[in-house]
Amino acid sequence: MNTTTQLLRFITAGSVDDGKSTLIGRLLHDSKSIFEDQFSAISKTSEKRGMAAVDLSLLTDGLQAEREQGITIDVAYRYFATPKRKFIIGDTPGHEQYTRNMVTAASTANLVVILIDARKGVLTQTRRHTYLASLVGVPHIVLAVNKMDMVDYAQARFDEIVAEYKAFAAQLNLHDVTFIPLSALNGDMVVDRGDNLDWYQGPALLELLENIEIEHDVNTSDFRFPVQWVCRPQSEKYHDFRGFAGRIEAGEVSVGDEVTVLPSGRTTTVKQIVTYDGNLQTAFAPQSVTLTLADEIDISRGDMLVRSSAHPPQVEKEFEATLCWLSEAPLDKNRKYLVKHTTRTAKALFQRLDYRVDVNTLQQHAADKLQMNEIARVSIKTQQALVFDRYDIDRATGSFIVIDEATNNTVAAGMIA
Amino acid sequence: MKLVENNLSKHTFTHLDALESESIHIMREVAAECKNPALLFSGGKDSIVMLRLAEKAFRPAKFPFPLVHIDTEHNFPEVIATRDKLAKDLGERLIVRSLEDSIARGTIVIKDESKPRNPFQSVTLLETIAEFGFDACMGGARRDEEKARAKERIFSFRDEFGQWDPKNQRPELWDTYNTRVHAGENIRVFPISNWTETDIWEYIGREKLHIPSIYFAHEREVIRRGGNVIPVSHLVQPKPGEKVEIATVRFRTVGDMTCTAPVESAARTVDEIIAETATTRITERGATRMDDQTSDASMELRKKEGYF
């Protein structure tokens, strides 16, 4: 057993026409992650539909409704592994609910593969996918220029698309973009390099997925520990034990560190870092641990422990955020919603819509409504103070969901500005 | 208390560490936000992994929920023995409700004793949820098991009939889970959604978990019927003309005895199973669950009716 295999989560963005499902099918097939019974099932279906070759895109069609209608209705998760890494693919459909589904899948992703049809180049949807990836702060972007077989594997065409994309992407805050020419249909530069793209010196897609550095995808400097659950065994052996259980969302902590409890602002020191496998000297994100503290202070779920340092989080009842609306019922500015942020849930009012962003042109428009799949900058007022960082600094402490109390549905995703 | 080295470093935080931490986080959200949760525990390998994760999430305290098993009475005796032993060793409360109770009440009508009982499990599960008023049931289902599961949320909302509506699921963003339900409604929670069969075996090996002996290669009386290897038991006897043979087999899943097929295997240790899992060309349910082979959508239909 290889004990140092890392986990990489990625999503693919593009429409069926760009060959997205074929690309995923190709990755699974060529990395030998498709099982015989799955392959024989899709072979039968391909034959039934009168196709000449096995349609690899059928691998990602999950539900009966989808198979009947030939569509994909929701985010599906796929798993495959190579000796180097384990992969979770969030597969999102490319139709009109795209924004909602892509934002959902991208929220946990390290990387997004944006597919372009080499014949069509950078399209409106390419801009939309890129904008959403940057909005959700996906750390790595791969621009996969697919269907190179349809443009005679021409380097000139690839270079043209790369230049066009770079010109557009300059206005967005993207950290890491890699460009790969490939043919999902023929398998060039997906898992194997193939014989048709000799002029391309960079990594094939799987090679990149296996090797891209992801250790710095989380904030490693500022300790953030939202308290999830208070551990009070009340047994004879542990009658004094009072532990604060949670997951370290950013940074690291050691025994003896001075920590501040927010929002109260009281300080204490870390006495023990307790785990089932024994007590630790140091722990880091994203470990789930239980902390005991030197002083008895009132701490409960929803509080956040942070290391007393130069970069404290903000503690506010009023703040600005970018909101992606996910529900069929539009935002009602007169109603109170619930905001769930880390482990704290508070009533909230969305007092002002500053502007709406057109996801196709990136232009800002004045807005007084917010409907499904729309994105807007809003001002928020919460009943209790939230302890947060800006989303671009910390995805975990800068994000929240909005819940409609009447239906209990999740109606929006928020990123604190 | 003894201080152990954190032999994990940022560079050796493995996929198993990441999956484990995610699962612990999910279980703690359930404990903190749900009023009356339960952990579904069958004695199978996935639910044994769930128990270890619960220990990691809540020790040194007791689990803030009971263990619940919906017993089809079609289970392998080794699995039931393991279920009882683990619950006892951990000192946790185990609630068992049997399909026989529902049959006695008349809410389940069995036509043929030798047929699988999985389709009826939902009935007893929903009755048990109502009996105890559970608002959240954690289960050990994984997304890699089946196509319908691949599309299900980690926190999967069910209406008052226990039904899953795949087209109307709550969006799930970051690790911020919406656990809210109205009275009478229920959430099914799958903390190991993102684990694969291989991850489960690697974790069993790493944590040295005790699992039922039938997961390892052993000799067993089987018959071959319609391409499947079927274990002979008091529920499954050879039909006229069928030959009973002794085969060396192990089980990849341990469900209803009438529809759970073993695979032919010589793997007698966890390491040997991991090696075999890495090279197998058949999915776990495809190889072992005859009830999932009846139609492309068997699992989807069962889930819509309240199955977990």
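Because the structure is a prediction, the values reported are computed rather than measured. Numbers restart at 1 for each chain; the letters A, B, ... are given by sequence-line order, proteins then strands.
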Note, [X] side chain near [Y] side chain (heavy atom, < 4.5 Å):
X: A:V274; Y: B:R59; result: no
X: A:E249; Y: B:H25; result: yes
X: A:F400; Y: B:W174; result: no
X: A:P286; Y: B:F13; result: yes
X: B:H15; Y: A:L8; result: no
X: A:C231; Y: B:P60; result: yes
X: A:K86; Y: B:T198; result: yes
X: B:E33; Y: A:T345; result: yes

Verify, without hydrogens or angle tests, whether [X] (side chain) and [Y] (backbone) share a donor-acceptor contact under 3.5 angstrom.
X: B:K56; Y: A:T275; answer: no
X: B:R170; Y: A:N408; answer: yes
X: B:H182; Y: A:A406; answer: yes
X: A:Q228; Y: B:A32; answer: no
X: B:S21; Y: A:S288; answer: yes

Heavy-atom pair count under 4.5 Å with chain B, highest-scoring of A:V136, A:V230, A:V411, A:L7: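 The answer is A:L7.
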Residue among A:T108, A:L326, A:I403 with most heavy-atom pairs under 4.5 Å to chain B: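 Answer, by heavy-atom pair count under 4.5 Å with chain B: A:I403.
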I need the B:D17 CG to A:Q6 CD distance, nearest 0.5 Å.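 If I round to the nearest 0.5 Å, the distance is 11.0 Å.
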Could you give the distance from CG (A:N409) to CZ (B:F157), rounded to the nearest 0.5 Å?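 The distance works out to 7.5 Å.
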Who wins among B:E20, B:E185, B:K62, B:R52 for the most heavy-atom pairs under 4.5 Å with chain A?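 Heavy-atom pair counts peak at B:R52.
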Partner chain A: residue of B:D199, B:L173, B:T196 with the largest heavy-atom pair count (under 4.5 Å):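 Of the candidates given, the most pairs with chain A belong to B:L173.
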Which heavy atom of [X] sits nearest to which heavy atom of [Y], and what is that distance?
X: B:R28; Y: A:V289; result: NH1-O, 3.2 Å
X: A:Y276; Y: B:E55; result: OH-OE1, 3.1 Å
X: A:S107; Y: B:E172; result: OG-O, 4.3 Å

Are B:R180 and A:T407 close enough that a side-chain donor and a side-chain acceptor fall under 3.5 Å?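 Checked: B:R180/A:T407 side chains show no N/O donor-acceptor pair below 3.5 Å.
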Just checking, is any N or O donor in the side chain of A:Y79 or B:N194 under 3.5 Å from an acceptor N or O on the other one?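 Short answer, yes.
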Is the distance between the ring centroids of A:W229 and B:F58 under 6.0 Å?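 Centroid separation for A:W229 and B:F58: below 6.0 Å.
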Is B:E22 paired with A:R9 through a side-chain N to carboxylate O contact shorter than 4.0 Å?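 Counted as a salt bridge, because a side-chain N and a carboxylate O are separated by less than 4.0 Å.
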For the pair A:R247 and B:E29, evaluate salt bridge (charged side-chain N to carboxylate O under 4.0 Å, His left out) and give the outcome as yes or no after the intermediate values. CA-CA 11 Å; A:R247 189 175 54 181; B:E29 281 300 284; over 6 Å; no
Where does B:T176 contact chain A at under 4.5 Å (heavy atoms): side chain, backbone, both or neither?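 Contact with chain A: backbone and side chain both.
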